[in-house]
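A quick write-up on the structure given underneath.
Remember, predicted model here, so these are calculated numbers, not experimental data. To find a chain, count down the sequence lines: A is the first, B the second, and so on, and within it residues start at 1.
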Amino acid sequence: MKFDASLGVTPEIGAQVFVGSPRIAIKRSTLWFRRSLIGLSFAVVGVALVMPIIAIFGAALNHGFGTYLSSILNAETWGALKLTLLTVALVLPLNTLFALSLAWAINKTRVKGSTWLLILTDLPLTISPVVSGLMIILLYGQRGWLGTQLHALGFDVVYSVPAVILGTLFVTVPYVAKQILPQIEAQGTQLEEAAATLGAGGWQIFKRVTLPSIRLSLVQGVILAAARAAGEFGAVSMVSGHIRGLTTTLPQHVEILYNEYRFTAAYSVASILTLFAVLSLAVKAFFASGLEPAPRPNDPSRRA
Amino acid sequence: MSLAIQNITKHYGHHLVIENVSFHVKEGELLTLLGPSGCGKSTILRIIAGLEAATCGHVSLNGEDISETPPPKREVGFVFQNYALFRNMTVADNIAFGLTVRPRKLRPSRDQIAATVAELLDYMHLGEYGHRFPEQLSGGQKQRVAVARALAVKPKLLLMDEPFSALDSEVRRDLRRRLKSIQTELGITCVLVTHDHDEAWELSERVVVMKAGRIEREGKPSEILKRPVASIANHLFTGLTAVPQRLTPQL
């Protein structure tokens, strides 16, 4: 740099002038390397992610907007959409509750065996969803351990809506927990300790210190879990029984339509799922951008 | 409030962190636990606050054994090394925290809380920062908020874990003096933990010198400096190439 300055040329011009020198040659190759890496990333994202999304919407709207609407607005699709939304609405609170208690158990109380709990939480991520579905049939099916008991009480779980919810719940268990645990771990327990020395009890500490401090990652986890819950296919497919309009979720509805060669309809329904996925990503990105903590207007000390 | 630590011992598994430590802090006194990092001084502070349980031994406040009392009920103020301010709350909300979490019966009214907060902000020279969030403050300001937050609940005892270590030297000197005057003015009993010798000599009425989980010396700064133990002599002579084997009493 100094050398370049003494010649009265900027580094950029210098680079062009002294192309032959080895230092510049290295610079050039790293530049080339960087560019190709960036190019590759964009190419992969473009080919593998963006093009398919465009293709889905293209295929869905291929026969015009009227056809698109009519293939979405019918009783079967409506039923599938309702079941999907119901599943998401039931699975999310349960998952969030589980994730929060897991996080609490592992980080705040140092319970023995919590490491095992943490490892097992990952199981749904590593196991095939089809196997998850099979496990539910084994447990809750008419000859399953729990299924026979429940049947005696008049409940049949498998091939009905509860099975769909159970399957989705199993598959989405890790999502919220995986988002909040690293943040809780990184924060340590000092804030909670400070709150305790100030006289706050367990619930106050959780509500006023722990929960706000993990707010952002919690929201992101919930969004990821929602997206996954809406899109779950394998496990649900095993246990739902494919009763049209009753136990089919949107992903299954897409498969049914496709297998019946109703391609435009399949693409149209798929576009709803895609839209949901893109929207949840947008919401997640919005929260990931890190909002300023919002001041609470109704706090007493504010008037000080 | 007077504080008594009796025969505190602490193990982490097989590792002995504190071995049979006892000392007294008189009402209104500022006592410093001085020692290198890892000597167990912070652990003692955490045991006094109830954040950690001693393997054996007792902590008593004004003669009353509080060893089994949970931290929220001890009424002991704690200033953490990194201040541990609540990031999602304003400075004013941070200071008010200890009052707003009280059960309804014991909670002061909104106006009373607001008045207390205003008073503390003023007292700690934080007047215009009440609406800011902790991340918008300098290190020295954060420390003052942490002290104000601890004082807001009128604790029986104020514990401070290396409260000046995260500050640059100029701010440190200034805040040290301010803290001392606050402590004298309020007459609050105070235990300070530090590895900084100057801090210990300047601030405290009495110093407990610790090494490897045990008390090495205890006394007034002047007494300790008159006949220093090896670890302190080492510090006094930093800069010399060799430390004398025997130190003369006149030192």
| Under 6.0 Å from the CD atom of A/Q190, do we count more than 12 heavy atoms belonging to anything else shown? | yes
| Got more than 12 heavy atoms from elsewhere within 6.0 Å of CD, B/E128? | yes
| said: Just so I know, are the side chains of A/Q204 and B/T100 near enough to count as touching, which here means a heavy-atom distance under 4.5 Å? | reply: no
| Going by heavy atoms in the side chains, are A/T197 and B/R74 under 4.5 Å from each other? | no
Kindly give the heavy-atom pair with the smallest separation between [X] and [Y], and that separation in Å.
| X | Y | value |
| --- | --- | --- |
| A/L198 | B/R149 | CD2-O, 3.4 Å |
| A/V209 | B/F86 | CG2-CE2, 3.7 Å |
| A/R208 | B/M89 | O-CE, 3.4 Å |
| B/N88 | A/P212 | ND2-CB, 3.0 Å |

Quick check on [X] against chain A: is it the side chain, the backbone, both or neither that has a heavy atom closer than 4.5 Å?
| X | answer |
| --- | --- |
| B/L85 | backbone |
| B/A152 | neither |
| B/V153 | side chain |

